[in-house]
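Step one of this worksheet: look at the structure below.
Here the structure is a predicted model, which is why all the values come from computation and not from measurement. Letters A, B, ... are given to chains in the order of the sequence lines, protein chains preceding strands, and every chain is numbered from 1.
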Amino acid sequence: MSGELPKTYEPKAFQQQVTERWLEAGAFNANPNAEDLRADKRYVVMMPLPNVTGALHMGHAMDNVMQDMLTRWHRMQGDNTLWQPGTDHAGIATQAVVEKRLKEQEGLTRHDIGREALVERIWAWKDEFQARIIRQQQQMGCSCDRSRQRFTMDAVCSAAVREAFFKLFSDKLIFRGDRLVNWDCMLQTAVANDEVYHETIQGHFWHLRYPVIDPKPGEPAFVIVATTRPETMLGDAAVACHPHPTAAMQKKIAEAEAKLAAADEKDRPAIEVELERLKARLVEKIPALEQLAAMARDGRMIKLPLMDRPIPLICDEWAKPELGSGLVKITPAHDPNDYGVWQRHQDELEIRNILKPDGCLNALCGPYAGLERYQARNKIVADMDALGLLDHIEDHETEVGHSDRSKTIVEPYLSKQWFVRMADVEGGVNCGVGTRKAFKGAGLAQIAIDAANDGRVQFHPDGERYLKSFTSWLGEKRDWCISRQLWWGHRIPVWSRAFEDASELKAVLAQLPAEPDALKAWISDSEGNQQAIDAQIAGPCELQVCVRFSKDDERLGKALEALGLQRDPDVLDTWFSSALWPFSTLGWPDCEHAPILEGQRFLGAQDGQPSSLEMYYPGSCLVTGRDILTLWVARMVMFGLYTQGDVPFHDVFLHAKILDGKGETMSKSRGNGVDPVDIIDRYGVDAMRYIICEMQTGIQDVRMPVQADCPHCGQVVDLGRAKHGRTKEGHENKFTYCCTACKQEFDVLGTMKGMKSAKVYSDRFEIGMFTCNKLWNAARFVLMNLGDLGFEPLSLANLETEDRWLLSRLEAARAACHQALCDYNPSNAISAVRDFFWSEMCDWYLELVKPRLTADGQSDAATASAKKARQVLAVALDQVLRLFHPFIPFITEAIWAQLCAQAPVRGIEKPLPASDLCTLARWPEPQAWRNEALETQFAALCEVIRTVREIRARYNVAPKAELPCAIRGPEASLEVVRLGARHLSHMANLSSLQIAVDAARPAHAGSAVLGDLELFVGDVLDEEKERARLMGVQAKLQKTLESTEKKLANAGFLAKAPADVVEAQKALLADTKAQLALIAQNLKALD
RNA sequence: GGGCGGGUAGCUCAGCCGGUAGAGCAACGGCCUUACAAGCCGUGGGUCGCAGGUUCGAACCCUGUCCCGCCCACCA
């Protein structure tokens, strides 16, 4: 990094080199230091761990750049900074990807190759993608500490998972129970609600007839029930009727009447129609339903068709008399509501699971056993029809749950699963046991709610908005299903065995290894109620033994297996390990012995310095998108409080989401994703980062129109407007587009065989590149003029006006940038620096100072003036580089090296703090450079210069032509112009300049009025043009005059508006009148 | 169905504790002025989704309404 800056800005020429300098200097390493233990001396960011399923996309780029910007900003402020990187094993997602490839490439399923071989393959996949992710992050400039890189399934994080599980299990906060879960039939695992998305499907209501067994005279021979999933009838346990149909119906009617009374005029018709329907129904259907309710009470049975199984007719309030036939079939094992009915009628009803894990019907389904669920549906409908039991079919649009990973429809499915108990528990939950911050909380969800409510965790930039969704989600306190029937993940460390009665259990308990520190055992019933092993148990139960340390798995596992216990085959939900991330990465529970990899940072205490856990927990800020506020953020807060006694971070920065040109979420699977590396290749990394920072305003999501160059004709295609191609079946193909020019189809992912493909990009990044280019060239100009510059203390008072103005504006920009960062508004922060740099430093100062630099050596005074200018230039560049650095680190670092080479000591009154690397340089501190009075004067001068330029431009005068100029007005206003006469002549290219109260109008002059000043530029006049222009200005002023006069004539305004507002209007009126007078004079002068 | 957010210049977004509508890009006119044509100088362009209300005064506050997006719940 020596010699001059290359003439053109080429980011590729220095990006790699800059990265290497940072790494060589260990600039991003976090070193625990007891002196920095205070919260305000540390800054800790835990990277939201990307999944190892694939490469990073634009959303990650946003997330990573925001974190990097904050981290660099704090590092420059001298904070002891840790940005902790790592990746997530992403259980279901990764296994799904690898299984899919296995199927596609080798035609094998996971069962063909077995658990061990599959897991081995997934590790290989993980290694490949983790390396790729790290490369991508490095290219983006992420200043995280690579010597601490973690993976949720590495030995360090796994130890934390075991300890957390053991603690929760021992506190009875983890239990196993039979529950209805969302079942993914393809991946054959439970999926969480959060992993399910809903899609509208055109379906049907099938109205089925079930025969009544031995109806009494006057009773119906059939009941009719409706369903959207006919195959579930095989598992029906009952048909339900409302216990009091009339009363329920009357209540509905009363509600509708109340609603009608309160409704607006336009809403009435709809409500009236509904009310009529209900009333008609009360007459037509309710008597029959009352009869059915009576039949139910009388114990009448129904014959379930196809299965010829008798099922009871029961009364339950779940049946809604106002809907359908008023009767509902009950399938407890395959519908959440029906499950609720079953819970209320457990003695009368049996619960029948009719599905195998793969979605085929099981042995309980008689002739339908073995059929796939949708084949079964068709056959059942056909068979019912053949039996004359299909009453009718109705079209029905319905929202159907799909598994996020396999994209297949999920089934509600009854199975045994492990849960974390979220609700409050009797006796409370002991949190932070063994730490200095131990406390007792009501329950796991509640401790996180409390932390958010009392401000220990705050959301930014709009705190209130997300506090509500955070606490209301947690407020449901729904148990968290943590078991997944997968092979990739942390295997549940519990061995268990079911017992029919207590005697056998006793014999086993007597032989359990007595190692209370390494084992915890409970006896559990099927509902998940756990009791101590010495409790008196009657009836069936299950012995559950949790093994604390993985090192004991083999030894204790064997002992347990010898007693007939079996290890649970399931693995933990991936969010379980992510929830531990803020401390698992730091070596909890045992920093001193954390099994780090070779070459990695030791996590324990050493050389008198604190351990990493002590040093960096709790962290400072969590940076993420709002979509995982609940899934991840809430659970980290919860587990942080539970295990450490303290929140894992105090601030949560929720950033915007990047959408495509149509306002849709970007993703690879939608074919509108953009790879950050493609953007970096095309525009440079700083350009990408610049735009990402600029996009992050408030919480507003931002659209990023996406383009591609057509591989057929080369035309730029706006993907927001282009049509998609068609698949063979005639459906829209989201992964291809048709060129808007040549109409030919192309692909944007490179996955369509035999089709030309194009890289996707967005021209918004050009703006970032332009800014970097400007910075590069301005730096070249400064460095070119700097020579080898030494430092001499200067007093502010001795500087030229423009020097003091620049420093004043610099200080204003510094303050604005810093404040915006404190407010989590990167867009305002970067704009403050950009506007100063471009609009003030480049557009004005560099131009103003050129004559001083060229005059160097012409006299002692000129030399001194040039020297001052150079020193100011060096300081301005220095500060601009520092302020820009957190946003665009590469270019600033590259220029910094050259600046340091030429001017190692920079400053005005005294030298600024020095640093070899910009990334380790001190963030600019407040300076006493601000001078608002001077800024006001300078702004007035700039206005004059602009006005003269405007006159020139109006008459198309060649910029090279030097023209005479005269300015007249009141003495006080002329003073400012006189002070800047030198600049005015130079910037507006004047041959002569007259400034006087009665300055003569030059011949053939174009004119302008600026406040109380009249400006004339000679030798330009085109009388017609000038007259037309003056009249245009006159019309505009007239409008202002009228509205201002109207305001001031308004008694209410004068009486009620604040005095300063009234004064401002009066001043505006006076000014407008004066200008109109001048315009009139000028018009007259043209005659 | 419930909740949240957004609709401001051709595009992407600021402004929103009320007081003469802003930026960048695009467009138009003029300049290759020895840092930068990825640049410089200048110009045009918006009844601030729609309708009411509060106010002396509304892009901003309130009510309603229409679109768009997100989250949650649920539909036998």
Side-chain angles (χ1 to χ4, degrees), chain A residues 5 7-9 193 198 205 207 225-229 232 239-240 264 266 318-320 323-331 335-338 396-399 462 465-466 468-469 472-473 476 626-627 629-630 657 659 661-665 683 687 691 694-695 697-705 718 720 762-764 766-767 769-785 827-828 831 834-835 842-843 846-847 850 946 949-954 956-960 987-989 1039-1040 1043-1044 1047 1050-1058 1060-1062 1064-1065 1068:
Chain A
L5 293 182
K7 195 165 164 21
T8 50
Y9 167 62
N193 281 346
H198 293 267
F205 264 138
H207 296 256
V225 291
T227 179
T228 55
R229 294 182 299 154
T232 62
V239 169
D264 284 335
K266 61 193 173 328
W318 165 239
K320 306 274 181 258
L323 289 178
S325 65
L327 294 174
V328 58
K329 66 192 230 16
I330 303 297
T331 320
D335 182 279
N337 293 305
D338 295 1
H396 179 66
E397 207 171 68
T398 179
E399 294 280 305
D462 185 350
R465 184 168 157 196
Y466 287 100
K468 218 168 96 185
S469 70
S472 65
W473 182 82
E476 290 184 24
R626 67 184 111 78
D627 44 339
L629 185 64
T630 49
K657 194 161 151 181
L659 310 173
K662 293 181 204 160
E664 289 177 6
T665 304
Y683 302 99
I691 294 304
E694 199 194 47
M695 287 194 295
T697 56
I699 198 99
Q700 174 64 12
D701 285 343
V702 63
R703 287 183 188 211
M704 196 179 91
D718 179 349
S762 172
D763 59 13
R764 278 203 62 182
E766 277 186 359
I767 298 160
M769 190 175 66
F770 295 164
T771 308
C772 291
N773 180 61
K774 186 75 179 176
L775 177 60
W776 187 261
N777 283 295
R780 278 183 57 234
F781 175 80
V782 171
L783 293 169
M784 190 179 289
N785 283 287
S827 180
N828 281 354
S831 298
R834 190 212 101 104
D835 290 350
C842 291
D843 289 353
L846 294 188
E847 295 305 326
K850 275 178 182 173
R946 241 192 295 273
R949 283 172 174 172
E950 189 198 320
I951 299 173
R952 299 182 60 117
R954 196 191 304 151
N956 290 343
V957 179
K960 277 182 193 158
M987 301 292 275
N989 201 19
K1039 252 182 146 174
T1040 311
S1043 80
T1044 315
K1047 244 182 208 178
N1050 183 334
F1053 176 72
L1054 292 175
K1056 296 184 182 173
D1060 58 322
V1061 173
V1062 176
Q1065 286 297 314
L1068 177 64

Select one nucleotide: of [options], the one nearest the side-chain heavy atoms of [X].
{"X": "A:Thr697", "options": "B:A35, B:G42, B:C13", "answer": "B:C13"}
{"X": "A:Lys7", "options": "B:C36, B:U33, B:G24", "answer": "B:C36"}
{"X": "A:Lys850", "options": "B:G42, B:A35, B:C75", "answer": "B:A35"}
{"X": "A:Ala1057", "options": "B:U33, B:G19, B:C36", "answer": "B:G19"}
{"X": "A:Met784", "options": "B:A35, B:G19, B:C70", "answer": "B:A35"}
{"X": "A:Arg703", "options": "B:U43, B:U12, B:G39", "answer": "B:U12"}
{"X": "A:Asn337", "options": "B:A35, B:C74, B:C70", "answer": "B:C74"}
{"X": "A:Met769", "options": "B:U43, B:A38, B:C36", "answer": "B:A38"}
{"X": "A:Asn773", "options": "B:C32, B:A35, B:C36", "answer": "B:C36"}
{"X": "A:Leu846", "options": "B:A35, B:C11, B:G42", "answer": "B:A35"}

Figure out the [atom1]/[atom2] separation between [X] and [N], and round it to whole Å.
{"X": "A:Ile951", "N": "B:U43", "atom1": "CD1", "atom2": "P", "value": "12 Å"}
{"X": "A:Arg626", "N": "B:G69", "atom1": "CZ", "atom2": "P", "value": "14 Å"}
{"X": "A:Tyr683", "N": "B:A38", "atom1": "OH", "atom2": "C1'", "value": "12 Å"}
{"X": "A:Leu659", "N": "B:U12", "atom1": "CG", "atom2": "P", "value": "11 Å"}
{"X": "A:Tyr466", "N": "B:C72", "atom1": "OH", "atom2": "P", "value": "12 Å"}
{"X": "A:Asn989", "N": "B:C31", "atom1": "CG", "atom2": "C1'", "value": "12 Å"}
{"X": "A:Glu476", "N": "B:A73", "atom1": "CD", "atom2": "C1'", "value": "9 Å"}
{"X": "A:Leu1068", "N": "B:G19", "atom1": "CG", "atom2": "P", "value": "15 Å"}

Legend entry - 5'-most by nearest nucleotide on RNA chain B - A:Tyr9 or A:Asp835: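 Its nucleotide being nearer the 5' end, the pick is A:Asp835.
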Inset, instruction - Would you tell me if any nitrogen or oxygen in the side chain of A:Lys774 comes within less than 4.0 Å of OP1 or OP2 on B:C40? - result: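 For A:Lys774, the contact criterion (side-chain N or O under 4.0 Å from OP1 or OP2 of B:C40) is met.
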Legend entry - A:Arg764 side chain near B:U12 phosphate (N/O to OP1/OP2, under 4.0 Å):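 For B:U12, OP1/OP2 do not have a side-chain N/O of A:Arg764 under 4.0 Å.
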Tell me which nucleotide, if any, is Watson-Crick or G-U wobble paired with [N] when both distances must be under 3.5 Å.
{"N": "B:U47", "value": "none"}
{"N": "B:C32", "value": "none"}
{"N": "B:G5", "value": "B:C68"}
{"N": "B:C13", "value": "B:G22"}

[N] to [M] separation - [atom1] atoms, rounded to the nearest Å:
{"N": "B:A26", "M": "B:U43", "atom1": "C1'", "result": "15 Å"}
{"N": "B:G7", "M": "B:C60", "atom1": "C1'", "result": "15 Å"}
{"N": "B:G49", "M": "B:A14", "atom1": "P", "result": "14 Å"}
{"N": "B:C31", "M": "B:G69", "atom1": "P", "result": "48 Å"}
{"N": "B:A73", "M": "B:G39", "atom1": "P", "result": "50 Å"}
{"N": "B:G19", "M": "B:C25", "atom1": "P", "result": "28 Å"}

Students often get this wrong, so: under 4.0 angstrom with heavy atoms, is [X] touching a base, only sugar-phosphate, or nothing?
{"X": "A:Arg946", "value": "sugar-phosphate"}
{"X": "A:Asp843", "value": "sugar-phosphate"}
{"X": "A:Val225", "value": "nothing"}
{"X": "A:Val702", "value": "sugar-phosphate"}
{"X": "A:Cys772", "value": "nothing"}

Legend entry - A:Met769 vs A:Asn773, side chain to side chain contact (heavy atoms under 4.5 Å, CB included): CA-CA, chis, key distance, verdict: CA-CA 6 Å; A:Met769 190 175 66; A:Asn773 180 61; 5.6 Å; no
Inter-residue atom distance [X].[atom1] - [Y].[atom2], 0.5 Å rounding:
{"X": "A:Arg626", "Y": "A:Asp701", "atom1": "CZ", "atom2": "CG", "value": "4.0 Å"}
{"X": "A:Leu1068", "Y": "A:Lys1047", "atom1": "CG", "atom2": "NZ", "value": "8.5 Å"}
{"X": "A:Leu327", "Y": "A:Lys320", "atom1": "CG", "atom2": "NZ", "value": "13.5 Å"}

Legend entry - A:Glu694 (side chain) and B:A14 (base): donor-acceptor pair under 3.5 Å: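 Check fails, no donor-acceptor contact within cut-off.
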Inset, instruction - Take A:Thr228 and A:Phe205 through the side chain to side chain contact (heavy atoms under 4.5 Å, CB included) test and state the conclusion after the steps. - result: CA-CA 5 Å; A:Thr228 55; A:Phe205 264 138; 3.6 Å; yes
Legend entry - Side-chain donor/acceptor of A:Ser827 to backbone N/O of A:Met695, under 3.5 Å: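 No, the answer is negative, given that no donor and acceptor are paired below the 3.5 Å cut-off.
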Inset, instruction - With the side chain counted from C-beta on, respond yes when A:Met987 and A:Arg949 share a heavy-atom pair under 4.5 Å apart, and no when they do not. - result: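 Contact flag for A:Met987/A:Arg949 side chains = yes.
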Legend entry - A:Asn785, A:Asn777, A:Leu783 screened by side chain to side chain contact (heavy atoms under 4.5 Å, CB included) with A:Phe781, the one that passes: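 Result: among A:Asn785, A:Asn777, A:Leu783, A:Asn785 is the only option passing the side chain to side chain contact (heavy atoms under 4.5 Å, CB included) with A:Phe781.
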